[in-house]
Amino acid sequence: MVPVSAYLILAVVLFGIGAIGVLTSRNMIVLFMCIELMLNAANLAMVAFSRALNVVDGHVIVFLVLTVAAAEAAVGLAMIITIFRNRETINIDRYSILKW
Amino acid sequence: MDFQLPEYNLQLMLPEIVLFVWALVVLSFDLATKRKSGSAVGYLAMAGVLITGIVLAFTGHGQGFGQMFVADSMAVFFKMIFLCAAFMAIGSSFGITKDKIVNHRGEFLGLMLFSTVGMMFLASSNELLSLYVGLELTTIPLFALAAFFKDDKLSVEAGIKYLVVGAFSSALLLYGISFLYGLSGSTDLLLMRLNLAASALMDYPKVAMVFVLATITILAGLGFKLALPPFHQWAPDVYQGAPTPVTAFLSVASKAAGLVAFAKIMVIGLFAYYDPFVAPIDWGMLVGIMAGSAMIVGNVLAVRQTNMKRMLAYSSIAHAGYIMVGMLAMNELGLASVGFYMFAYMFANMGIFAVVALIEERTGSAEIPDYGGFSKSSPFLAVSMTIMLLSLTGIPPLAGFFGKFYVFAAAIRQAGSDPVHQWMYWLVGVGLLTSVVALYYYANVIRTMYFGAQTDVPRIEFTAPALTVILIGVIGTVVFGLMPNVVVEFASQIPISDMIILP
């Protein structure tokens, strides 16, 4: 039996990779994938806790989070296409018209 | 086993259902008229918001879906604010020219209504999951709305920045929520509070560490949503680039939604850990630092802005700071003052953005120096804008003054009653000092309008909906400044609602 803490440590590691990826990545698509990774880290923690506590709430939450993540990805990819048509780059350093 | 279906009480959800169906009607109406409906679809959307408001007024209080959905005073109060903001944002969107919106007016309004539905669900959620889903339903349409002018480079860039920040902050929030769920074994906010208080979990250093991690990620997620420093950098960019009615909606409704989420998770769920003797982390102090820096950063950086929308973005960061001062004072006055402040802020800010939108549509500029001579060509708009700017500054007897007054009064009372919270005197001091800075940059706009270098501002002719919005803004600002007790009475029921009663 794998202890809960192992899952939680994996979740922290996944979340850390995702968060660092969002902060350092310059490619819009990679950045978006990193955000999905963060959401999945949360999902993993939910399922682990749910199993450890013997309640099903966590499992249900994961389905809803997956749905929300899919909606977010749909809007996000559409917007990435829009800005690519507009600027012909997905490098976020180039999105710098707005600044003070 | 005795299995009971929870009581659904579907009638409590009636306002949300009405608005949701209406959003679908707005979308299909625009399609049915072959996207030629013009401003008719706008009037349809405004009517929908009005009808929802009426339905909301006649829907009673109570809870349904096994306590997952509550309609208490706090929920109803904030739903009214969301609906008012949506009404005013739709009203100021009539003037968007055809070459910008390219026959997509139906989608524009539909998305705005969907976002409002999300906010209303958020205000009624009593549980972490429905709160998260409500928050996402609020923000995902807003990403698309911010990037709505897809041929306008600024708008698309604003949208993509908002998307990255919004998705990132949601992920942070969700991660914190997953740990809170794990520690308390429940997603129900009240049960969560009881379970956390009953267990001696915090005595174990490792568990306390997980709790600290959860609190910090949640605060960071909410900090992004509310644009509190150090998570505020996105706000000016997004506010400047987004279409002006969307900026108005973002700065009021989305901010109020963030406040509701904060009140739900931190005030209701984690109330016990507000006390530094109990908590492994004193989140009250952390939020206090964020609020103080919001007031300083927002007000100081607003001074050097030349773009009106960007300046209002910094001023909205500052106002979020003032509101958080009221939120931190967790006495009877606290949440009531937050409600009143948000109410006053909504009228003034939505009205100002309506004027800014009108000018921008006519002259194509939102730069403050271009407002010179504006009072000569459109005296009515200039006077309205002056009144609302003075309300944001906090000049008596306008509504904004009483907002600040109640917020600071609540904080002073809390600081005086509990020696642990004496640092709140500092917050109030910072708030009072930065209000003076605020006077400078708001007055600068007024000075430019009346005495600035004459640029050739054409006469701004306005549509009936825009005029309505501006009139609502001005009348709300003045009337609730002269008679603040009307709203305060309503807002003072917020803490009495079943949420804040301590275990």
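Numbers restart at 1 for each chain; the letters A, B, ... are given by sequence-line order, proteins then strands.
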Taking the side chain as every heavy atom from C-beta outward, state whether B:K150 and A:N86 have any pair of such atoms under 4.5 Å apart. no
Counting C-beta onward and ignoring hydrogens, is there a side-chain heavy-atom pair between B:K161 and A:I92 closer than 4.5 Å? no
Show the nearest heavy-atom pair for residues A:A71 and B:I140, with the distance to one decimal. CB-CD1, 4.2 Å
Minimal non-hydrogen separation, A:G76 against B:L163, with atom names: CA-CD2, 3.6 Å
Which bit of [X] is near chain B, if near means a heavy-atom gap under 4.5 Å: side chain, backbone, both or neither?
| X | result |
| --- | --- |
| A:L31 | side chain |
| A:L53 | side chain |
| A:T67 | neither |
| A:V68 | both |
| A:V4 | neither |
| A:I61 | both |
| A:R87 | side chain |

Looking at B:E157, B:K206, B:K153, which one has more heavy-atom pairs under 4.5 Å with chain A than the rest? B:E157
I'd like to know which of B:T139, B:V133, B:L172 tops the heavy-atom pair count under 4.5 Å against chain A. B:L172
How about CZ on B:F69, more than 12 heavy atoms from neighbouring residues, nucleotides or ligands closer than 6.0 Å, or not? yes
Is it the case that more than 12 heavy atoms not belonging to A:R85 sit under 6.0 Å from its CZ atom? no
Checking heavy atoms, do the side chain of [X], its backbone, both or neither come under 4.5 Å from chain A?
| X | value |
| --- | --- |
| B:V210 | neither |
| B:E136 | side chain |
| B:I160 | both |
| B:L128 | neither |
| B:D152 | backbone |
| B:L174 | both |
| B:F179 | both |

Would the distance check show the side chain of A:D57 and the main-chain N or O of B:S186 forming a donor-acceptor pair, the cut-off being under 3.5 Å? no
Euclidean distance, A:M38 CE relative to B:F168 CZ, rounded to 0.5 Å: 4.5 Å
How long is the straight-line distance from OG of B:S178 back to CG of A:L44, given to the nearest 0.5 Å? 9.0 Å
Checking side-chain contact (heavy atoms from CB on, under 4.5 Å) for the pair A:S50/B:Y181: CA distance, chi angles, key distance, verdict? CA-CA 9 Å; A:S50 179; B:Y181 162 67; 3.7 Å; yes
Could you tell me how the ring of B:Y175 sits relative to the ring of A:F15: parallel (under 30°), tilted (30 to 60°) or perpendicular (over 60°)? parallel
